[in-house]
Amino acid sequence: MRSEVRKSMPLLSISVVMQLTDLTARQIRYYEEQGFITPARTAGNQRKFSLNDVDILFDIKDLVDDQMNMASVRKIFAMRAQQKQEEQDNEALRRMMREEHLRAQRLKTTSIRQGDLSRFY
DNA sequence: ATTCTCACA
DNA sequence: TGTGAGCA
């Protein structure tokens, strides 16, 4: 259909695309470099974007935003996990120290000889 | 005035 | 990705 032709017609300057997509010129050029869009060029080597290009840029932007959100979520989860891990480690350490303390007291008050005590380890 | 490529105190 | 340089 001719709509594809229209959508692919190169007529937007980079400044217009910037305003439309809220992306920086740097980003737009970078995405082209990555092969996501293939804007046409004028005789003066200036980019001319089609509506399809803009459409793709919107998609890319959404994906990038999602990635950032995921990164944020991961950070939060990682911090929580780390915090819990530290709490568990601390608790484990306390238990060990308490065990040590009790054992030391048993050694002090018990009449069992060292040799026999080894059976409990 | 705009955009382009290239490069990095 | 930002940003500034030097062109077209």
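For the residue pair A:E86 / A:N90, no side-chain donor-acceptor distance below 3.5 Å is found, with atom types taken as modelled. Looking at A:S50 and A:D53, their side chains do bring a donor and an acceptor atom within 3.5 Å of each other.
Paired runs in DNA chain B that reach 3 or more consecutive Watson-Crick or G-U pairs, where each pair keeps both distances under 3.5 Å, cover B:4-8 with C:2-6.
A:F77 belongs to a hydrophobic cluster whose other members, connected by ILVMFWY side-chain contacts under 4.5 Å either directly or through intermediates, are A:V73. Here A:M79 sits alone; no ILVMFWY side chain lies under 4.5 Å from its own, so it joins no hydrophobic cluster.
A straight line from CZ of A:R41 to P of B:dT3 spans 13 Å, rounded to a whole angstrom. As rounded to whole Å, 14 Å separates atom P of B:dT3 from atom CD of A:E32. In this entry the distance linking CD of A:Q46 with P of B:dA1 reads 15 Å, nearest Å.
In A:E4, the CD atom is crowded: over 12 heavy atoms of neighbouring residues, nucleotides or ligands sit closer than 6.0 Å. Within 6.0 Å of CZ on A:R6 lie no more than 12 heavy atoms contributed by other residues, nucleotides or ligands.
The stretch residues 8-28 of chain A touches DNA chain B through A:S13, A:I14, A:S15, each having a heavy atom under 4.0 angstrom from the strand.
Nucleic acid contact class of A:R47 (heavy atoms, under 4.0 Å, all strands): sugar-phosphate only.
For DNA chain C, the contact window with chain A, defined by any atom under 4.0 Å from a protein heavy atom, covers C:dT1 to C:dT3 in 5' to 3' order.
Taking each heavy atom of A:L20 and A:F58 in turn, the nearest pair found is O-CZ, 3.2 Å.
Using a cut-off of 4.0 Å between Lys/Arg side-chain N and Asp/Glu carboxylate O, A:E91 and A:R95 are scored as salt-bridged. One finds no salt bridge joining A:E33 and A:R47 here, because no Lys/Arg side-chain nitrogen approaches an Asp/Glu carboxylate oxygen to under 4.0 Å.
Map A:G44 and A:Y30 each onto its nearest nucleotide of DNA chain C; the residue landing nearer the 5' end is A:Y30.
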- Message: Walk me through whether A:E100 and A:R103 qualify under salt bridge (charged side-chain N to carboxylate O under 4.0 Å, His left out).
- Response: CA-CA 5 Å; A:E100 278 297 313; A:R103 195 204 311 175; 2.6 Å; yes

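By the side chain to side chain donor-acceptor pair (under 3.5 Å) test, A:R98 is found to be paired with no residue, residues two or more places apart in sequence or in another chain being considered.
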